[in-house]
Amino acid sequence: MMKIIVCLKQVPESQSVRLDPVTHNLQREGVKSIINPFDLYALEEGLRVREEHGGEVIVLSMGPPQAASALREALTYGADRAILLSDRAFAGADTWATAYTLAAAVRRLDGADLIFCGKQAIDGDTAQVGPELAAFLDIPHVAWARKLIFADTGLLQVERLLDHGYDLVEVQLPALITVVKEINTPRLPSFKAKLRAKSAQIPVWTAADLGLAAERVGFEGSFTRVVKVFPPPARGQRELLDGTPEEMAAALWARLRQWRGQ
Amino acid sequence: MDYVLTEEQRLLQDLARQVAEERIKPVRAELDEQEIFPADLMQEMAQADLFGIIIPEEYGGLGLGCLESCLVLEAIGAACVGVGTTYAATFLGAYPLLLFGSEAQKSHYLPKLVRGEQLAAFALTESQAGSDAGAIQTTAVRDGDFYVLNGTKQWITNAGEAGLYTIIALTDRAKGPRGASAFVVQADDPGVSFGKKEQKMGIRASATREIFFQNCRIPADRLIGKEGMGFIIALKTLDYARPGIGALALGLAQGALDEAVIFARQRQQFGHAIIAFQAVQHILADMAIQIEAARALIYSVARFIDQNPKDFAKEAAVAKVFATDVAMRVTTDAVQILGGHGYMREYPVEKMMRDAKIFQIFEGTNQILRNIIGQALNKEYAKKRS
Ligand SMILES: Cc1cc2nc3c(=O)[nH]c(=O)nc-3n(C[C@H](O)[C@H](O)[C@H](O)COP(=O)(O)OP(=O)(O)OC[C@H]3O[C@@H](n4cnc5c(N)ncnc54)[C@H](O)[C@@H]3O)c2cc1C
């Protein structure tokens, strides 16, 4: 039997995100929210381990109240239960404060045999929360897992994706694993799970529930500050050709010849 | 248009649309071109509970009805009716058991279908018995605690891929059609073998093969219902399945309309998007009218069937004929709207038009179904007179 926790984050769908030209903050209004894509692979791996070894999959997310919808969606794939960590005090958390808060929730759940995270979130792109969470819990972690093998020795073997090839790492449970997309193909939701998810109660845990002081969480508890977010400057020269397809093709051809001649 | 679906029906429809968009559409052209049987997709659909729709809850299913199965088939059909036919054929194979099977048969076979461990197939047609199903030659001879089957079934969807087959065979030649019976046969029964995969015009993701029975010995408890009930079982099975075939065709037609409108809005000729031309708009409008009428009809007939009426052969035939004729016309018109592009394999409407044709042929040709409707009318009016 395995107790499995999958951490997931609700993120704005990447294609639709824009920066506010004045404040440089992400404009989230009217933007569709999704489960961070890498976290779907983490969830799938959790579900597969449960199917093989029995046990329970708990999905955990820190976020605003509307992040409950991401957890509800996770339930449609077959997670057993979901817990949302939500409190005004959690707002503005950096990776440290996020991992600190998640760690408190994992402790409140009496730990787990395996914790799965996606390799990174597509909005912040830091890839830090998973390893930090493992550090706070004082358990080993393996990042970028592309395959898990449960060895007879009781150790978990993990293939860790590298730029060229992979590492084979052995790790003792409990452990935290962050996964890459190569690890599996996430399943479809099931109808029965969709029905259950519709009426599922998702408990919301606050800083007080977790026994955390307000100055250790959220913006207050963060060691880093985002000073400025800006779009990268446009690179290189650009020129828009117009006219009929034939004219544009002729103009492009002329440019290519010109550059080649240089 | 709002058909006042329940929240549960909407959830199911959403799920089926997600399967269609995310899993089927991206691979449909390849499945068609290379005639690949969609075994993996069937597994995924089973995991999503889609094989359980009409199976009662006590066998692991969802215990839903004809309308729910039509909603799912419509959504799948919009992406690929080759995949949809493969999926629907399992229901066709399951209906004889669902409707007439013993408790032991149902509890043995139905959960396997729900879990996707086995697909099913239904085998009636033979080389000399197409529309004239009464002309079947396959025999099942009782021998102690066994039946021994001999004969050949032709053009059976899922043959060679399914684990479970419901077969109509003659147990008493002398009685003609009243001497037919239905049996469950397993792919691994001795004396069962399959022909080569047929090469087809459309629905090329689906597998169609012959089934050969050569002294195929099966335990006597494989008989479904009683001896002599074979054609009653076959006809009822087809009555139940026909609205679903109509729903697949409806989805196909909707898929073709979607492609046609998108194309017509973007294709420029004479300085305008071609949708600006009234002649084009009218074709699109006629497509939309026929599709909406087909949808309203299919849903109504499905809701009627879900009230458990005693006889609904005529209504089921009406739904199948109308929706499949619509699909043939609409897909043909979609090719016309796309012009030369529509004729190219690069665009999906070429496949859609090829796929549409079979729907006017199988599960009762549309001529045979018109016979059924005509005969029903004759009976109804005879009653009114007296
Ligand atoms: C791809 C595919 C999959 C199939 N899957 C299955 C399956 O899973 N299980 C199964 O049992 N069968 C299956 N069939 C068989 C299918 O149901 C038959 O093809 C169909 O019933 C028609 O029979 P037929 O092809 O022999 O045509 P025929 O009966 O020879 O008919 C030829 C033409 O004559 C017309 N016609 C015949 N009799 C009459 C009449 N009395 N009045 C007016 N017109 C008439 C027909 O409408 C048709 O236009 C499949 C067929 C195909 C092509």
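Each chain gets a letter, A, B and so on, in the order its sequence line appears, and its residues count up from 1.
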As a quick check of understanding, evaluate side-chain contact (heavy atoms from CB on, under 4.5 Å) for A:Phe191 and B:Val72, giving each step before the final call. CA-CA 12 Å; A:Phe191 183 65; B:Val72 171; over 6 Å; no
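Residue B:Asp2 qualifies as enclosed at atom CG: its count of foreign heavy atoms under 6.0 Å is above 12. More than 12 heavy atoms of other residues, nucleotides or ligands shown are found within 6.0 angstrom of CZ on B:Arg10. The 12-atom threshold is exceeded at CZ of B:Phe304, counting heavy atoms of other residues, nucleotides or ligands nearer than 6.0 Å. Counted within 6.0 Å of NE2 on A:His53, heavy atoms from surrounding residues, nucleotides or ligands total more than 12; the atom is thus considered enclosed. The environment of A:Gln157 atom CD is dense: over 12 non-hydrogen atoms of other residues, nucleotides or ligands sit within 6.0 angstrom. Atom CG of B:Asp40 has 12 or fewer neighbouring heavy atoms from other residues, nucleotides or ligands inside a 6.0 Å radius.
Taken to the nearest 0.5 Å, the CD atom of B:Gln43 stands 12.5 Å off from the CZ atom of A:Arg187.
Only the side chain of B:Glu7 comes within contact range of chain A, with at least one heavy atom under 4.5 Å from a heavy atom of that chain. At a 4.5 Å heavy-atom cutoff, the contact between B:Leu62 and chain A is made by side-chain atoms alone.
Your options are B:Glu44, B:Met45, B:Gln47, and the one with the most heavy-atom pairs under 4.5 Å with chain A is B:Gln47.
Judged purely by atom type and a 3.5 angstrom limit, B:Asp49 has no side-chain atom pairing as donor or acceptor with the backbone of A:Ser190.
Nearest heavy-atom pair across B:Ala48 and A:Pro189 is CB-O, 3.3 Å.
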